[in-house]
Amino acid sequence: MAYFNPINWLLGLFSLDIGIDLGTANTLVYVQGKGIVINEPSWVTIDKRSRRPLAIGMAAKEMVGRTPKNVIAVRPLRDGVISEFDITQIMLEYFIGRVHEQSVVPLPKPRVVIGIPAGVTEVEKRAVYDAAMAAGARQALLLEEPIAAALGAGLPISDVRGSMVVDIGGGTTEVAVMSMSGVVASRSLRVAGDEMDQDIIQYLRNKYNLLIGHGIAERIKMTIGSAYPLEKEKTMEVRGRNLVTGLPETVEISSVEIREALAHSVQVIVDTVRDALDEIPPEIIDDLMDLGVCLAGGGALLQGLDHRLTDDLRLRTWVAEDPLTCVARGAGMIYDDFENLSRYLVGLERRSA
Ligand code: ADP
Ligand code: MG
């Protein structure tokens with residue numbers, strides 16, 4: 001039995017326990033007892049000469065595509081892993097600092113659980129750990145994202161029955177089948193939300209000679225994008241630059257066209273999910289026929305994607321409640337029931353001296 005340590009007990013009373021989803025597209029912070037307190041794009045703008053950050057999060061994303069020559073906009077994570085260490089640290093420090101600012105009394109450093117993509121290397125895990133510690137955490141623990149997403153979505157992953165989660169983010173789509181607290185089969189695919197934005201840019205360029213930016217492409221996807229015919233198809237006016245005349249132009253586009261633009265990426269996602277299903281034993285297929293397939297991440301919000309997967313896989317597919325926050329909420333839940341849930345945490349190898 002653990003002995004009682006009054007200092008730790010006191011620290012525990014006042015310190016924050018937080019879950020962090022360090023996503024390619026969005027970073028979210030969940031504070032125990034408060035819920036999601038930070039939900040901002042994973043963007044940082046930097047002054048090229050001084051290398052100092054100018055804006056972080058939403059303010060930085062608004063600058064994307066509009067920056068003057070001396071400013072660069074960076075997404076410090078790529079394919080779910082840290083590609084720019086210093087900038088990730090700055091971003092984490094800022095978000096963790098903001099959580100602390102919201103408190104009236106000065107608090108001790110927080111304990112954090114952070115989601116990491118399944119199957120990352122030791123070096124990549126270490127980078128996330130180091131960034132969190134450098135950003136002011138008292139303790140940093142790591143949790144695989146599919147497990148975090150499944151916990152956040154309320155899936156019974158400790159059950160003997162199998163469950164399946166498909167997390168579609170900005171950079172990657174992660175598919176995982178779990179049972180008895182472990183991952184039975186998984187797939188990771190570098191086709192997700194960003195690729196869909198790219199598809200829309202390419203489509204409008206080919207069909208209308210219209211050049212649009214990433215932000216507008218994303219807005220089109222969220223407004224009229226779909227993966228299954230809509231009950232009532234929609235249209236939208238899109239402004240961009242005509243590549244032939246060089247002049248501004250407005251074009252009316254329809255949801256049918258955008259579905260066509262997204263068709264290939266959607267197909268790749270469907271194929272990957274099917275591929276993962278191919279690998280699992282029939283008992284688990286049987287379980288999934290009851291429980292269905294759970295969609296999480298922002299990409300889960302693409303209209304009709306659940307319908308499309310239900311049709312193609314012949315398994316009921318459903319969108320988790322608040323799919324964008326599943327990973328952060330799942331990571332934050334570890335501290336709710338540390339005794340039972342800490343077994344999901346991923347260990348780090350001891351650093352060799
Ligand atoms: P990450 O885990 O990589 O940070 P998120 O889970 O936050 O990613 O999801 C971000 C992605 O979800 C972006 O590509 C965004 O465009 C997409 N997304 C968000 N809302 C919608 C929507 N309503 N329809 C389609 N895609 C969406
Ligand atoms: Mg994610």
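Not measured: the values here are computed from a predicted model. Note that ligands are numbered from 1 as they come in the structure, with each ligand's atoms numbered from 1 the same way.
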* Of all the atoms in ligand 1, which lie at a distance below 4.0 Å from a heavy atom belonging to Gly299? -> 12 (O)

* **Ligand-residue contact atoms, ligand 1 with Gly193, heavy atoms, under 4.0 Å** => 14 (O)

* From OG1 (Thr172) to CG (Asp167), nearest 0.5 Å -> 7.0 Å

* Do Thr24 and ligand 1 have an N or O pair less than 3.5 Å apart? -> yes

* Asked: To the nearest 0.5 Å, what is the distance between CZ (Arg308) and CG (Leu305)?
  -> 8.5 Å

* Which residue and non-hydrogen atom of the protein lie closest to atom 26 (N) of ligand 1, and at what distance in Å? -> Lys221 CE, 3.5 Å

* Asked: Taking distance alone, with no angle check, do Ala25 and ligand 1 share an N/O pair under 3.5 Å?
  -> yes

* Answer yes or no: does an N/O atom from Asp21 fall short of 3.5 Å to an N/O atom of ligand 1? => no

* To do: Output the list of atoms in ligand 1 that are nearer than 4.0 Å to some heavy atom of Gly169, sorted by atom number.
  => 1 (P), 3 (O), 5 (P), 6 (O), 8 (O), 9 (O), 11 (C)

* Does Asp197 reach ligand 1 with a nitrogen or oxygen that is under 3.5 Å from one of the ligand's nitrogen or oxygen atoms? -> no

* To do: Indicate if Met133 and Ile20 have the same hydrophobic cluster label, given that clusters are the connected sets of ILVMFWY residues with side-chain heavy-atom separations under 4.5 angstrom.
  => yes

* Asked: What protein heavy atom sits nearest atom 19 (C) of ligand 1, and how far off is it?
  -> Met222 CE, 3.4 Å

* Atom of Val81, atom of Pro117 and distance for their closest heavy-atom approach -> CG1-CG, 4.3 Å

* To do: Could you check atom 23 (N) of ligand 1 against the protein and tell me its nearest heavy-atom contact, residue, atom and distance included?
  => Leu301 CB, 3.4 Å

* To do: Starting from atom 13 (C) of ligand 1, find the nearest protein heavy-atom neighbour and note its residue, name and distance.
  => Glu218 OE2, 3.8 Å

* Asked: Should Ile200 and Ile258 be marked as a side-chain contact (heavy atoms from CB on, under 4.5 Å) after you check the CA-CA gap, both sets of side-chain angles, and the distance that decides it?
  -> CA-CA 7 Å; Ile200 293 173; Ile258 297 305; 3.9 Å; yes

* Report yes or no: does a heavy atom of Gly225 sit under 4.0 Å from some atom of ligand 1? => no

* Asked: Does the N or O separation between Gly170 and ligand 1 drop below 3.5 Å for any pair?
  -> yes

* **Arg98 and Glu40 ion-paired at < 4.0 Å** => yes

* Mind checking the CG-OH spacing from Asp21 to Tyr30? Nearest 0.5 Å is all I need. => 14.0 Å

* Numbering the atoms of ligand 1 from 1, which are under 4.0 Å from a heavy atom of Gly297? -> 6 (O)

* Structure fact -> With Asp197 as partner, the option from Gln202, Arg219, Lys221 fulfilling side chain to side chain donor-acceptor pair (under 3.5 Å) is Lys221

* Structure fact -> Residue, atom and distance of the protein heavy atom nearest atom 7 (O) of ligand 1 read Asn26 ND2, 2.7 Å

* To do: Provide the full list of side chain to side chain donor-acceptor pair (under 3.5 Å) pairs with a residue in residues 52-66, sequence neighbours left out, each pair given once.
  => Lys61-Glu218

* Give the contacting part of Leu324 toward ligand 1: side chain, backbone, both or neither, where contact means a heavy-atom distance below 4.0 Å. => side chain

* Asked: Should Gly298 be counted as touching ligand 1, given the test is an N or O pair under 3.5 Å?
  -> yes

* Among Gln303, Lys232, Glu233, find the residue that satisfies the side chain to side chain donor-acceptor pair (under 3.5 Å) test when tested with Ser255. => Glu233

* Asked: Is it the case that more than 12 heavy atoms not belonging to His100 sit under 6.0 Å from its NE2 atom?
  -> yes

